[in-house]
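Here is the structure we will look at.
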Amino acid sequence: MLPVIMRLKVKNEEGRGVNLYIPLVLVYLLLLPFVLIVLPLGWWWYNRAVEKEGSAGKTSLKLIPAVLTLLGSLSGTEIEIKDKKSEVILKLI
Amino acid sequence: MNEERMKILSMLSEGKITAEEADRLLDAVGVPAVGKGDHGVGSDGLPRYLYVNVNSFNENGEEKKENVNIKVPMALIKAGVNIASLMPEDVQGEINKAMNEKGVKFNLSDIKKENLDEFLVALRELEVNVDGENERVRIYCQ
């Protein structure tokens, strides 16, 4: 499952900062038009790969679920960096 | 009870969010879920996360507030290997060549899913502790 929330917390030495919970669904929706624009190009690239490499070119289609799996596996990643003055937290949930 | 937790629970009680979303939000604010198996291996016996913790201490041995905590899902390794297996042979060859030049005799096509599972099971036992004068580094899988 793709990560749905990104938490980003940045605090500086004066105690000011941001604590954001970003719903990634919005980001995915914003990216959707770009994906739709790129689709014809992807289709051309796929056909070219099949033409050039035969059945081996068809494996390029398997890259789509593989990339989605890779993105999904990012869920649960946490990075926390703290020192006396500042704090940065990045979490993908 | 902290403010963020209260807010999430009230959103849940008002029906603004589902129980699953509340669970995810509680995770995000750092409230550990009970009985989720986050602190152990997954149901398949494989570790779920790789942790890297770096803590620093001052000369008196007191912990400074300078820490780095990184938690990486092990699923990322599996997904990475899956993508690597889909790479064209000439690209795999280039990667193997580059690794060889660095002194690592490595063949990307030799990494199979079954071998990877064995490797991940072995990682359950992994624990690296490095204690320096002012720093402590701990790498482990859970």
Side-chain angles (χ1 to χ4, degrees), chain A residues 1-9 11-13 15 18-26 45-46 48-93, chain B residues 2-4 7-8 11 17-18 20-33 36-38 42 47-56 58 62-92 113 142:
Chain A
M1 192 179 161
L2 293 172
V4 287
I5 299 166
M6 183 170 88
R7 183 191 180 190
L8 179 65
K9 185 178 179 182
K11 209 166 87 177
N12 65 9
E13 61 184 304
V18 288
N19 190 8
L20 298 173
Y21 291 86
I22 303 165
L24 292 175
V25 178
L26 289 178
W45 175 73
Y46 169 71
R48 192 171 159 265
V50 173
E51 237 172 65
K52 205 175 160 189
E53 296 170 32
S55 59
K58 289 182 181 172
T59 55
S60 54
L61 257 193
K62 290 181 187 166
L63 270 174
I64 298 167
V67 169
L68 288 174
T69 309
L70 185 78
L71 285 174
S73 61
L74 280 172
S75 188
T77 303
E78 293 182 18
I79 298 171
E80 288 183 34
I81 301 166
K82 290 178 192 173
D83 65 15
K84 276 181 209 162
K85 296 173 183 173
S86 53
E87 183 180 7
V88 178
I89 297 176
L90 175 69
K91 288 184 182 183
L92 288 170
I93 303 148
Chain B
N2 72 40
E3 196 185 325
E4 285 169 327
K7 205 170 172 180
I8 294 164
M11 281 163 73
I17 54 172
T18 65
E20 195 187 337
E21 286 166 338
D23 185 41
R24 284 167 174 271
L25 285 169
L26 286 170
D27 270 351
V29 297
V31 178
K36 277 181 68 178
D38 257 4
R48 296 178 65 193
Y49 296 102
L50 170 78
Y51 294 84
V52 180
N53 299 334
V54 183
N55 300 315
S56 59
N58 60 24
E62 291 165 359
E63 195 170 353
K64 283 195 216 170
K65 286 183 179 173
E66 290 176 7
N67 301 318
V68 176
N69 297 319
I70 297 172
K71 181 180 157 192
V72 184
M74 298 301 265
L76 199 59
I77 299 175
K78 276 190 174 183
V81 168
N82 193 18
I83 283 196
S85 67
L86 293 173
M87 283 179 184
E89 279 176 23
D90 50 339
V91 177
Q92 287 191 17
K113 197 177 173 294
Q142 269 189 345

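The sequence lines fix the lettering, A, B, ..., with proteins before strands; numbering per chain opens at 1. Note that the coordinates shown come from a computational prediction; the quantities given were computed from them, not determined experimentally.
With rounding to the nearest 0.5 Å, the separation of CD1 in B:Ile77 from CG in A:Leu70 is 11.5 Å. Distance NZ/A:Lys91 to NZ/B:Lys71: 7.5 Å, rounded to 0.5 Å. Between the OG atom of B:Ser85 and the NZ atom of A:Lys62 there is a distance of 8.5 Å, given to the nearest 0.5 Å. Atoms CD1 and CD1, on A:Ile81 and B:Ile70 in that order, are 6.5 Å from each other to the nearest 0.5 Å. Note that the CG atom of B:Asn69 and the CD1 atom of A:Ile89 stand 9.5 Å from one another [nearest 0.5 Å].
If you measure heavy-atom distances from A:Val67 to chain B, the contacts under 4.5 Å come from both the backbone and the side chain. If you measure heavy-atom distances from A:Ile5 to chain B, the contacts under 4.5 Å come from the side chain alone.
The residue among A:Lys85, A:Glu87, A:Lys84 with the most heavy atom pairs within less than 4.5 Å of chain B is A:Lys84. When the candidates B:Asn82, B:Asn67, B:Asn53, B:Val54 are compared by the number of heavy-atom contacts under 4.5 Å with chain A, B:Asn67 comes out ahead.
The shortest heavy-atom contact between A:Ser73 and B:Leu76 is OG-CD1, 3.3 Å. Taking each heavy atom of B:Glu66 and A:Asp83 in turn, the nearest pair found is CG-CB, 3.5 Å. Taking every heavy atom of both residues into account, B:Ile83 and A:Ala66 meet most closely at CG1-CB, 3.7 Å.
Annotation: side chain of A:Leu74 is not in contact with side chain of B:Pro73 (no heavy-atom distance under 4.5 Å).
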